[in-house]
2 protein chains.
Amino acid sequence: MAQTNLSLRQLRAFLALAEQRSFTQAAATCHLSQPAFSALIRTLEGELNTRLFDRDTRSVELTAEGRLFAASARRLVEDFGAALVDLNDHVERRKGRVHIAALPSLAAGWLPAVFAGFRKAWPGIELNLSDLLSDACVDLVRSGKADFALASTGVSHAGLSTRLVCTDRFYLVCRKDHPLAAEASPTLKKLAPYPFIHMSRNSSVRQALEAALHPQQANTVLEVDQLATAAGMVEAGLGISVVPALTLFHFERKNLVTRPLAASGLTRKIYLVRRQEGSLSAAAQALHDLVIETMKARTP
Amino acid sequence: MAQTNLSLRQLRAFLALAEQRSFTQAAATCHLSQPAFSALIRTLEGELNTRLFDRDTRSVELTAEGRLFAASARRLVEDFGAALVDLNDHVERRKGRVHIAALPSLAAGWLPAVFAGFRKAWPGIELNLSDLLSDACVDLVRSGKADFALASTGVSHAGLSTRLVCTDRFYLVCRKDHPLAAEASPTLKKLAPYPFIHMSRNSSVRQALEAALHPQQANTVLEVDQLATAAGMVEAGLGISVVPALTLFHFERKNLVTRPLAASGLTRKIYLVRRQEGSLSAAAQALHDLVIETMKARTP
DNA sequence: CACACTTACGATATTCGTAAGGATT
DNA sequence: AATCCTTACGAATATCGTAAGTGTG
């Protein structure tokens with residue numbers, strides 16, 4: 001008994017017959033020939049080891065046991081259907097949840113448009129974004145709390161797979177009246193004498209910058225956490241700064257100019273980080289694909 | 001999607017694999033060869049239109065969709081199993097309810113032993129007895145409130161089937177010191193002169209008696225509702241009475257004697273009444289069979 | 001190369017629809 | 001005679017197990 005094998009179709013057939021009380025009609029409902037339907041009911045009765053219908057040529061009625069089972073069967077078919085619909089909603093991305101982690105610079109400037117596009121395509125999917133510094137992003141992925149991350153780690157962590165999605169060139173930002181504003185594409189060396197406004201030491205922007213400067217030291221005048229703050233400081237004339245292209249929107253201000261740095265190998269690499277094993281949910285995969293696609297479109 | 005056909009076995013296989021995370025082991029659990037099991041999972045994934053497991057030669061893990069479905073599947077298999085167990089309990093008469101109606105004379109004297117036997121055989125079945133006069137018994141059956149009845153109706157009602165289960169001979173009951181006590185088997189005529197204690201007019205005992213007497217009139221001294229009352233009255237010397245064999249236990253008292261009436265065609269016929277169409281529940285059928293069997297044993 | 005999942009394939013079992021049978025009105 | 005469920009039976013389909021294939025540590 002514990003190993004009985006019943007199918008959803010048998011339950012549906014049973015319920016159809018219980019409601020319509022006619023083999024002929026119920027068979028039509030189930031898209032079966034009447035004899036096949038009859039056999040199906042007989043099989044079901046055999047598996048349940050009881051007669052479910054009193055039937056003769058004139059009438060078809062549930063037995064007491066049939067009525068009992070009908071109540072269960074109705075609920076089972078409903079629950080089964082609900083489970084299938086729910087699963088399918090997730091598969092078809094009508095429901096679901098995606099949690100990604102991304103560097104604040106991406107979260108503020110570039111991601112919103114991606115999220116908007118995603119939302120439009122899959123309005124039923126709940127989005128969750130952790131805008132954190134690179135290491136924290138990676139930790140969320142490793143712990144499974146985030147589906148994937150956009151971070152600047154080049155280190156290949158065990159169990160994580162990283163994929164380069166963007167190489168972000170750096171730009172000088174300074175006031176229009178600054179001497180460097182005259183240069184179309186200044187070199188790093190030329191920047192050295194001027195007071196410099198840094199991002200905080202653990203930001204990806206700062207780390208890429210330090211790595212590029214290495215033996216050199218910048219003439220630090222100020223260290224801030226937020227790019228918007230840096231923009232304000234530069235505009236106020238406290239100093240210059242150097243930031244990746246994807247953050248330039250912060251510096252689109254009347255009194256500021258931005259200049260690509262002369263080829264210096266100074267770039268910030270952005271990686272998509274995900275767990276090595278375990279596929280993404282349908283929803284996460286969709287966002288993943290959209291991210292990749294959008295990135296490709298930006299820098300072909 | 002609405003017409004997907006899943007089987008309980010597929011769900012069990014899916015859950016086995018989700019838990020054991022090994023095709024080989026899960027296949028063994030399901031008593032299948034590993035390739036057959038593999039095909040089964042593949043079919044399931046096809047029907048659900050999604051991959052449920054991330055698998056390679058080294059590891060088998062649920063996908064996000066698989067985890068979602070696993071929760072549903074677990075509950076479905078449980079509910080399904082519970083429904084099957086419940087149904088089987090009814091089929092095997094470990095659970096259930098039987099409601100019968102019976103004449104008070106049977107309810108008090110003869111049925112208790114039958115019920116005791118039934119209870120012993122099927123301790124899980126709830127018993128329900130309506131001890132009512134014949135017409136009320138039949139009404140309960142007709143309305144479907146009782147599974148069957150033991151009544152004295154000979155009338156064949158539409159939609160009901162009646163079956164004679166017992167022909168109850170009548171006995172004189174009187175005091176030991178009554179003149180009739182001397183007769184081993186008095187005739188009805190001899191009773192006529194003596195004061196008579198009747199059952200109420202709508203009782204089956206009274207009706208059978210009136211039918212037998214017909215042109216004659218009894219010398220009624222008293223009319224009572226309960227046989228026990230009649231017994232007390234007879235013992236007190238108020239009169240004699242005539243009652244069916246099955247009620248004689250009421251009259252087994254020190255100062256009373258019972259005498260079978262001489263062949264007079266005076267009998268009370270007891271019928272088992274049930275609905276013509278519609279089988280009995282397993283529990284009701286069991287009680288039905290026990291009633292028939294016990295009746296047969298009493299009067300072979 | 002050993003282990004674990006997949007593919008290939010012939011054999012078996014199940015399920016189907018058509019046609020004939022039986023019972024009831 | 002008409003209607004409805006059941007039985008009979010050959011055909012189509014699905015499922016099984018064995019054996020070979022593939023990929024990974």
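Residue numbering restarts at 1 for every chain, and letters A, B, ... go by the order of the sequence lines. No hydrogens, no waters, no symmetry mates; every other heavy atom, side chains included, goes into these values.
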Salt bridge (Lys or Arg N to Asp or Glu O under 4.0 Å) partners of residues 275-292 of chain B, not counting sequence neighbours, each pair once: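 Not a single pair qualifies under salt bridge (Lys or Arg N to Asp or Glu O under 4.0 Å).
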Taking only the side-chain nitrogens and oxygens of A:R42, find out if one of them lies under 4.0 Å from OP1 or OP2 of D:dT7.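 Yes, because at least one side-chain N or O of A:R42 sits under 4.0 Å from OP1 or OP2 of D:dT7.
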At under 4.0 Å between heavy atoms, what does B:L32 touch on the DNA or RNA strands: base, sugar-phosphate, or nothing?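 Counting heavy atoms under 4.0 Å across all strands, the contact made by B:L32 is with sugar-phosphate only.
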Figure out the [atom1]/[atom2] separation between [X] and [N], and round it to whole Å.
| X | N | atom1 | atom2 | result |
| --- | --- | --- | --- | --- |
| A:N5 | C:dT15 | CG | C1' | 14 Å |
| B:E277 | C:dT25 | CD | P | 10 Å |
| B:D54 | C:dC5 | CG | C1' | 14 Å |
| A:R9 | D:dT13 | CZ | P | 14 Å |
| B:H31 | D:dG17 | NE2 | C1' | 16 Å |
| B:I41 | D:dT15 | CD1 | P | 13 Å |
| B:F53 | C:dT6 | CZ | C1' | 16 Å |

side-chain contact (heavy atoms from CB on, under 4.5 Å) with [X]: which residues, sequence neighbours excluded?
| X | result |
| --- | --- |
| B:A71 | none |
| A:A73 | A:L11, A:F14, A:L15, A:F69 |
| A:H90 | A:D86, A:K95, B:L68 |

What protein N or O atoms touch nucleotides 1-5 of chain D N or O atoms at under 3.5 angstrom, if any, and at what distances?
unit_1	atom_1	unit_2	atom_2	d
D:dT3	O2	A:R58	NH2	3.1
D:dC5	OP1	A:F23	N	2.9
D:dC5	OP2	A:T24	N	3.1
D:dC5	OP2	A:T24	OG1	2.6

Check ring-ring contact (aromatic ring centres under 6.0 Å, His included) between B:F148 and all other residues, then give those that pass, not counting sequence neighbours.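 By the ring-ring contact (aromatic ring centres under 6.0 Å, His included) rule, B:F148 matches B:H288.
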For residues 68-82 of chain B, pull every pair meeting side-chain hydrogen bond (donor to acceptor under 3.5 Å, both in side chains), keeping only residues two or more places apart or in separate chains.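 side-chain hydrogen bond (donor to acceptor under 3.5 Å, both in side chains) check on residues 68-82 of chain B returns no pairs.
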Under 3.5 Å, is there a donor-acceptor pair linking the side chains of B:T63 and B:R51?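 No, because no side-chain N or O of B:T63 sits under 3.5 Å from a partner of the opposite role on B:R51.
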Which of these passes side-chain hydrogen bond (donor to acceptor under 3.5 Å, both in side chains) with B:E61: B:R21, B:R67, B:R55?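 The residue from B:R21, B:R67, B:R55 that satisfies side-chain hydrogen bond (donor to acceptor under 3.5 Å, both in side chains) with B:E61 turns out to be B:R21.
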Check salt bridge (Lys or Arg N to Asp or Glu O under 4.0 Å) between B:R142 and all other residues, then give those that pass, not counting sequence neighbours.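 Listed in chain order: B:D139.
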Protein and nucleotides 8-11 of chain C: nitrogen or oxygen contacts under 3.5 angstrom:
none

